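To start, I am sharing the structure in question, which I have written as structure tokens.
Numbers restart at 1 for each chain; the letters A, B, ... are given by sequence-line order, proteins then strands. These numbers come from the heavy atoms of this one structure, side chains and all, not from hydrogens, waters or symmetry mates. Everything numeric here is computed off the predicted structure, so don't read it as measured data.
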2 protein chains.
Amino acid sequence: MSHSCQQHKQQIEEALDIATRICEQHGARLTDVRKRVFELIWVSDQPAKAYGLLTELQKNDPSAKPPTIYRALDFLLELGLIHKLHRLNAYVRCTHPEEKKPCFFLICTNCQVVTESHDQAYKKLIAKISKSRDFKLHATTFEMEGLCQQCV
Amino acid sequence: MSHSCQQHKQQIEEALDIATRICEQHGARLTDVRKRVFELIWVSDQPAKAYGLLTELQKNDPSAKPPTIYRALDFLLELGLIHKLHRLNAYVRCTHPEEKKPCFFLICTNCQVVTESHDQAYKKLIAKISKSRDFKLHATTFEMEGLCQQCV
DNA sequence: TTAATGAATGTTATATTATAACAAAACAAA
DNA sequence: TTTGTTTTGTTATAATATAACATTCATTAA
């Protein structure tokens with residue numbers, strides 16, 4: 001971490017505030033498990049795996065089981081508070097939950113670093129495709145795998 | 001099927017010819033298992049699942065096991081002869097293996113129909129992103145999930 | 001033709017990811 | 001407080017995928 005613990009803590013607090021607000025807006029409840037999973041994903045440097053999260057959960061709540069974690073993940077995904085990386089079967093925080101910007105990911109197969117990214121042209125592309133094909137879009141996945149700048 | 005068996009057979013033959021040519025170009029061998037898996041995916045109306053393909057394989061070759069199918073799938077994916085739908089964990093034929101056009105998929109969550117599609121703007125977007133981020137691209141996934149025209 | 005090499009396949013075992021189904025508890029709201 | 005709905009608990013199992021090592025096959029150089 002390049003920043004202090006204090007800064008770090010503030011960032012999480014802020015993310016939780018935003019998440020709470022988004023839940024309220026949707027009449028959804030950010031229960032304890034859901035909040036805990038959100039936090040775990042949020043503080044993770046790497047994309048988090050479902051069973052890794054489960055192991056973490058179980059430290060506080062030994063009764064946690066696979067459905068516990070998958071339900072929480074589904075909930076957070078549906079609200080756009082996290083993203084699933086389908087090529088990795090892993091989960092990452094959303095850097096912009098309030099804006100609902102469509103985003104995509106660059107996945108380096110060498111150093112494993114994953115970068116969330118945005119582009120106006122991507123947003124336009126999605127809109128164009130949906131419209132031209134009369135497609136009622138619910139979710140998109142756009143992931144690019146290869147070698148990052150460092151690893152080329 | 002809206003077309004005759006004869007037409008159908010010709011299409012598969014042609015696809016196999018193209019696949020064979022592409023393999024030759026890459027110094028790769030289209031062995032029996034690989035060819036069989038390619039055919040099975042090719043003739044499937046729906047995206048094919050790995051273990052479904054395995055079951056088919058085993059009808060001719062009882063010794064086939066999970067690695068058999070996953071190795072063949074990896075081979076075909078690497079050459080761009082098939083695509084993997086990461087949101088569905090399923091495999092579909094590539095409609096344009098020679099052109100290497102980047103393609104994406106529209107997945108209807110109601111009728112399950114999956115449509116492969118292309119767009120010049122998508123190609124440009126990928127090029128732009130890769131270039132601007134110095135990213136050496138190896139593979140992309142772009143899948144849009146929602147309701148198709150029929151199901152809205 | 002044969003020996004050597006690397007590629008592909010066979011085989012066993014197991015890891016990883018995810019969901020079905022139903023019961024119990026917590027919550028909302030009438 | 002009853003009633004209906006959402007959430008969680010729990011057990012079991014389904015579905016997807018890979019590791020590791022042995023064997024066979026194909027290619028080519030000697």
Next on the checklist: Expressed as a whole number of angstroms, how long is the span from R34(A):CZ to dT8(D):P?
Outcome noted: 5 Å

Next on the checklist: Ignoring hydrogens, what is the shortest heavy-atom contact between L137(B) and I126(B)? Give both atom names and the distance.
Outcome noted: CD2-CG2, 3.2 Å

Checklist entry - Using Watson-Crick pairs (N1 to N3, plus N6-O4 or O6-N4) and G-U wobble pairs, both distances under 3.5 Å, which stems of at least 3 pairs involve DNA chain C? => result C:1-30 with D:1-30

Checklist entry - Between E116(A) and R93(A), is the closest basic N to carboxylate O distance under 4.0 Å? => result no

Next on the checklist: Tell me whether T20(A) contacts the main-chain N or O of L16(A) through its side chain, where contact means a donor paired with an acceptor under 3.5 Å.
Outcome noted: yes

Checklist entry - Nearest of dT10(D), dT19(C), dG10(C) to any side-chain atom of T68(B)? => result dG10(C)

Checklist outcome for this item: Separation of dT24(D) atom P from K65(B) atom NZ, nearest Å, is 14 Å

Checklist outcome for this item: Nearest heavy-atom approach of H118(B) to P102(B) is CD2-O, 3.7 Å

Checklist entry - Using the ring of each side chain (for Trp, its six-membered ring), is F104(A) parallel, tilted or perpendicular to F142(A), with breaks at 30° and 60°? => result tilted

Checklist entry - Y91(A) side chain N/O closer than 4.0 Å to the phosphate oxygens (OP1, OP2) of dA18(C)? => result yes

Checklist entry - How would nucleotides 24-30 of chain C be written as a contact map, 5' to 3', with B for base contact, S for sugar-phosphate-only contact and - for no contact, using protein heavy atoms under 4.0 Å? => result ---S---

Checklist entry - Can you tell which of dA17(D), dA19(D), dT9(C) lies closest to the side chain of P67(B)? => result dA19(D)

Checklist entry - K35(B) NZ to dA8(C) C1': how many Å, rounded? => result 16 Å

Checklist entry - Among H86(B), H83(B), K84(B), whose side-chain contact (heavy atoms from CB on, under 4.5 Å) with T141(B) holds? => result H86(B)

Next on the checklist: Does dT16(D) have OP1 or OP2 under 4.0 Å away from a side-chain N or O of K49(B)?
Outcome noted: yes

Checklist entry - Within the structure, does a side-chain N or O atom of S63(A) lie under 4.0 Å from either OP1 or OP2 of dT8(D)? => result no

Checklist entry - Do R133(A) and T115(B) have side-chain atoms, one donor and one acceptor, less than 3.5 Å apart? => result no

Checklist entry - Hey, any chance I22(B) and L40(B) share a hydrophobic cluster, counting ILVMFWY side chains that come within less than 4.5 Å of each other, even indirectly? => result yes

Item to check | Nearest heavy atoms of Y70(A) and A50(A), plus distance in Å | outcome: OH-CB, 3.4 Å

Checklist entry - With a 4.0 Å cut-off, would you call E56(B) and R36(B) a salt bridge? => result no

Item to check | Residues from residues 69-89 of chain A lying under 4.0 Å of DNA chain C - heavy atoms | outcome: Y70(A), R71(A), K84(A), N89(A)

Item to check | Length of the line joining Y51(A):OH and dT16(D):P, which is rounded to integer Å | outcome: 14 Å

Item to check | Under 3.5 Å: donor-acceptor pair, side chain of Q112(B), backbone of N110(B) | outcome: yes

